[in-house]
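Please read all numbers here as calculations on a predicted model, not as lab measurements. In what follows, every chain begins at residue 1, and chains take the letters A, B, ... in the order their sequences are listed.
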Amino acid sequence: MLDKTFDPQAAESRWYDEWEDSGAFQPKDDPDAKTFCIVIPPPNVTGSLHIGHALNNTLQDSLVRYQRMLGKRVLWQPGTDHAGIATQMVVERQLAAEGNISRRDMGREAFIERVWKWKGQSGGSILRQLRRLGASCDWSRERFTLDEGLSAAVLKVFVELHEQGLIYRDKRLVNWDPHFQTAISDLEVENKEIDGHFWHFAYPLADGSTYEFPIAHDEDGKPTEWETRDYILVATTRPETMLGDTGVAVHPDDERYKDLVGKKVRLPIADVEIPIVTDEHADPEQGAGAVKITPAHDFNDFMVGQRAGLASINLFDPEARFLSEATAEADDKGLARIPEDFRGLDRFEARKKIVARMDELGCLKAVEDKKIMQPFGDRSGVVVEPYLTDQWFVDAETLAKPAIEAVETGKTKFVPKNWEKTYFEWMRNIEPWCISRQLWWGHRIPAWYDENGNIFVAETEAAAQAQAKEKHGKDVALTQDEDVLDTWFSSALWPFSTLGWPEETDELKAFYPTTVLITAFDIIFFWVARMMMQGIHFMDGEIPFHDVFIHRLVVDANGQKMSKSKGNVTDPLDIVDRYGADALRFALVSGAAQNANIRVSEDRFESARNFTTKLWNAARFGQMNGFAPDPDFNPADAKQAVNRWIIGESIKAGREVARNLENYRFNDAANTAYRFAWNVYCDWFLELAKPILNGEDEAAIAETRAAGAWALDQILRILHPFMPFVTEELWNKTAGEAGRGTLLISADWPDFGDDLIDEAAAADLNWLIDLVTEIRSVRAGLNVPPAATAPLIFVGADQAAQDRAKRLSEPLRRLARVTELEFADAAPEKSVQAVVGGSTFALRLEDLVDLDAERARLAKELEKWDAEITRFEKKLGNEKFVANAPEAVVAGEREKLAEAQAQKDKLEAAQARLDG
RNA sequence: GGGCGCGUAGCUCAGUGGGAGAGCACUACGUUGACAUCGUAGGGGUCGCUGGUUCAAUCCCAGCCGCGCCCA
């Protein structure tokens, strides 16, 4: 006998191990079976499971389990990425905490060894946590982006792209993280609005000349007042960069400065002359319309500088301090502009001193408060600095073209489709991708330099040496590039590198292109776009996945994004501990509507947990009543209407769940299964089965036991993708003597023909359900004591109705608390009447009836139907409607009107009868 | 500023060119019952606002208002 409630704790680890030991997580060994493949979005090796992972992986697991039950050869490929910055950060912090030497003192090799040691001990704990969710990944194939095979793939890709001219080295402005002292990509920069200032500086004209500048305007915008100026006013949010200015730009159409273009201003403090140029970038509306140009420290200015031929002068060292000495990287021009007492100052300190000095010089004209967008490193949290350095770049624009086309032509589909726009928007405006990082943890760039700075790119040092020898005619000393690649560079290869590429493995042939990628929208740029580019490029134009399903975020009960600082984080493992993994999964999946964030709250987890209990108790009831799977039971041979009905309903529910899953409508799939299990099987079937089970018809009892068990089996199957543990537990505990022969995880998805759907039985049962519901409603409306019973009289029922009533008399009597069924031409005295489907029935409740309450009830009913009738009549009275609407619609309305009319007539008759 | 999305019951969300739905919450009643982690019944909505298209609009179109996210 089943316990009173399900104990998730005990069941979860037991079944997870059984599943894994059974080999169910691995693709089945059947080369003829259709394949289904998902690669996991690899979590950071440093990561720990948060609710977003829980959602993402539950969705994947639900699909994977469903597809497995369909009999496909299913691979869910798991693994982690090495998370360059994050991992290095973790280990450096550890070193610091232990009071150990820094990584630089330690040296590259020793440091990397240390990181590997950390990875071995505590890396990838997130994958262990995924198991607690029930994730049925093929762990035997677990991969890590720094694995040998994946690293070989990275080298090959780098070298080939370089040969094709799609990877190149260039000196460009990059986003520089002064904390980690590395370049980062645009996507790793978080722009935040902060309170800043707008400083207005006067740069004096170099030749000492003056001009008239308008300071007041009339309604038409014509100047009415002027002042004489011997300077040009520029405004900046970053005063410390002024020493690097190499020009001042005004808009080409700006009349105010027309005569100044081509002249020079004297840059205060630095005391150098810089030209006044024109550029569209200058906004006449902003400040006084002139803008200082610092090509080495601002992305817009860099482009202006290129257009106007202005020099780029770097002021900072890698820690974002003013230069204090000449370096190989920064030329001396920057240093020369920095006064002695400013050298070596941190950028924020430098800002204060520059402003103060400008004030002393009389060049600070105004300071405004201003909201400004400031870039922060998403890992370090420090202000990111645009910085001019030599880096490696991918020509993303070229690689993006076929990746855009693949989505345009529908080879790869986004679900929901709207995300295509986001993808296109980014891909069509893509910038060169900076892939080098000044870190140690990662794939070291396979480029070597000779002492003249010639570059040799090759998969191995030996090959690079050979290239060098060919060039120089002799062996020369080479040094390898110190930098590593962006982690996303290797993640971009994930869909094929994990399958063994560049080897031509069986897995690659079988599973590439993968079926679907499931991820959150914030990762479309980072990862989806890059996988598309690399996959198509290296897999002979073949896309990495057919579908991309984008799910929304998990947010708290108030719709707020979860964050540690807000303290509104839900820990998925805490939920698993308290409610069970199935409840967590079900709450997430059933809330995963497309285009809506998934709100989670204690209520939802509770309600999902209650559902597992309900399911459990339904099975328990079955067990107590002798339900057991019967190998000889043929659903087609069922005789009882109730059984024929529940068999048909099971099949319909299974099909609907499947259809929803195929369309990534996870919430609809889960809720369909929920409603079938609870509101159909438990609420009606089991209730309807009770009179049969308590009766004396042995054949009917045996059939109902078998059919009830059969339908429960279908419920377990269709719920398994969402709630694997409780369904597996029940599958095994309800196995009966015959046993199951297979775990539920490996069982078949329900697949039955239409011949098992008996519409006549469905009509019977729907009639019964309507009737019972109406009787209950009438009784409740009249405050009839629940325990009271009464005879039910069918008024003026035809033969078919009488037959049906007799056929279903047992369940009707039990569910509606009816003592006996009678047939009559008119409702008897002291009875309550109601109309269902155009037929009148009466309950002879004798003195239990409050006649006034009954009058009120009937009047209210009538009112409702009158309103309906008015609406239909109005519609049908509209000639244009009758003329223009499709015939079927008009006929439908006529039918509805007739039904409503019949209902009303019967109710009026009932009313008349009541008043005698 | 550009893009995307949302606005339907107290809350969270489905939904469809032709009779407004679910879950939760709420109210009343209920322990013969597998289940009180439950059952039965009930109340509750001018489908954001304003126009347009249409015989017919919550749904399609335009504008507006409000909210959220992404990008600049």
**Prompt:** Atom NZ of A:Lys690 to atom C1' of B:rC38: distance rounded to whole Å?
**Reply:** 11 Å

**Request:** Just grab all the salt bridge (Lys or Arg N to Asp or Glu O under 4.0 Å) pairs involving residues 868-889 of chain A, residues at least two apart or on different chains.
**Result:** A:Glu868-A:Arg871, A:Lys875-A:Glu893

**Prompt:** Is it true that A:Lys896 and A:Glu899 have a side-chain N and a carboxylate O under 4.0 angstrom from each other?
**Reply:** no

**Message:** Per the salt bridge (Lys or Arg N to Asp or Glu O under 4.0 Å) rule, what does the pair list look like for residues 655-665 of chain A, sequence neighbours excluded?
**Reply:** A:Arg655-A:Asp754, A:Arg665-A:Asp668

**Asked** What integer number of Å spans the C1' atoms of B:rG2 and B:rG44?
**Response** 42 Å

**Request:** Could you check which residues of residues 659-672 of chain A get a heavy atom under 4.0 Å from RNA chain B? Sort them by number, please.
**Result:** A:Arg665, A:Asp668

**Prompt:** Do any pairs count as a salt bridge (Lys or Arg N to Asp or Glu O under 4.0 Å) and have a residue in residues 547-559 of chain A, sequence neighbours left out, and if so which ones?
**Reply:** none

**Nearest-Å distance for atom pair CG/C1', residues A:Asp683 and B:rG39** = 8 Å

**Request:** Calculate the interatomic distance between A:Lys417 atom NZ and B:rG5 atom P; express it in whole Å.
**Result:** 12 Å

**Message:** Does either side chain, that of A:Asn679 or that of A:Asp683, offer a donor lying less than 3.5 Å from an acceptor on the other one?
**Reply:** yes

**Message:** Once you apply a heavy-atom cut-off of 4.0 Å, does A:Ala883 come out as touching a base, just sugar-phosphate, or nothing?
**Reply:** nothing

**Request:** To the nearest Å, give me how far apart NZ (A:Lys614) and C1' (B:rG39) are.
**Result:** 7 Å

**Item:** Whole-Å gap separating P (B:rG30) and CG (A:Leu815)
**Value:** 20 Å

**Item:** For RNA chain B, the residues among residues 769-777 of chain A that have a non-hydrogen atom under 4.0 Å from it
**Value:** A:Thr773, A:Arg776, A:Ser777

Pairs under 3.5 angstrom, nitrogen or oxygen only, protein versus nucleotides 68-72 of chain B, please.
from, atom 1, to, atom 2, distance (Å)
B:rA72, OP2, A:Asn191, ND2, 3.4

**Request:** Could I get the full list of ring pair (Phe, Tyr, Trp, His ring centres under 6.0 Å) partners for A:Phe666, not counting sequence neighbours?
**Result:** A:Phe549

**Request:** Report yes if at least one side-chain N or O of A:Lys421 is closer than 4.0 Å to OP1 or OP2 of B:rG3; otherwise report no.
**Result:** no

**Asked** What pairs with A:Phe521 under ring pair (Phe, Tyr, Trp, His ring centres under 6.0 Å), at least two apart in sequence or on another chain?
**Response** A:Trp419

**Base-pair map of RNA chain B as dot-bracket, where | denotes pairing with a different strand and pairs are Watson-Crick or G-U under 3.5 Å** = (((((((..((((....[..)))).(((((.......))))).....(((((..]....)))))))))))).

**Message:** What's A:Lys4 touching, base or sugar-phosphate or nothing? Going by heavy atoms closer than 4.0 Å.
**Reply:** sugar-phosphate

**Request:** Quick one: which residue pairs count as a side-chain hydrogen bond (donor to acceptor under 3.5 Å, both in side chains) with a foot in residues 422-431 of chain A, not counting sequence neighbours?
**Result:** A:Glu408-A:Arg428

**Request:** Using a heavy-atom cut-off of under 4.0 Å over every strand shown, decide if A:Gln594 touches base, sugar-phosphate, or nothing.
**Result:** sugar-phosphate

**Check ion pair A:Lys690-A:Glu687 (N to O, under 4.0 angstrom)** = yes

**Item:** Below 4.0 Å: OP1/OP2 of B:rG5 and any side-chain N or O of A:Asn418
**Value:** yes

**Prompt:** Where along nucleotides 16-26 of chain B does protein come under 4.0 Å, by heavy atom, of base (B) or sugar-phosphate alone (S), with - for untouched nucleotides?
**Reply:** --BB--SSS--

**Length of the line joining A:Leu782:CG and B:rG42:P, which is rounded to integer Å** = 12 Å

**Whole-Å gap separating C1' (B:rG3) and CZ (A:Phe414)** = 15 Å

**Item:** P atoms of B:rC70 and B:rA62, separation to the nearest Å
**Value:** 26 Å

**Request:** In whole angstrom, give the distance that lies between atom CH2 of A:Trp684 and atom P of B:rC35.
**Result:** 20 Å

**Request:** Describe the nucleic acid contact of A:Lys860 in one word from base, sugar-phosphate, nothing, applying a heavy-atom distance below 4.0 Å.
**Result:** sugar-phosphate

**Prompt:** Would you say B:rU37 has OP1 or OP2 under 4.0 Å from some side-chain N or O of A:Arg609?
**Reply:** no

**Message:** The criterion is ring pair (Phe, Tyr, Trp, His ring centres under 6.0 Å); which residues satisfy it with A:Trp731, sequence neighbours excluded?
**Reply:** none

**Asked** A:Ala396 and A:Met533: which non-hydrogen atoms are nearest, and at how many Å?
**Response** O-SD, 3.8 Å

**Prompt:** Could A:Lys906 and A:Glu861 be called an ion pair, given the rule that one side-chain N must be under 4.0 Å from one carboxylate O?
**Reply:** no

**Request:** Identify whether NZ of Lys or CZ of Arg in A:Lys652 sits under 6.0 Å from the centre of the six-membered ring of A:Phe676 and within 45° of that ring's axis.
**Result:** no

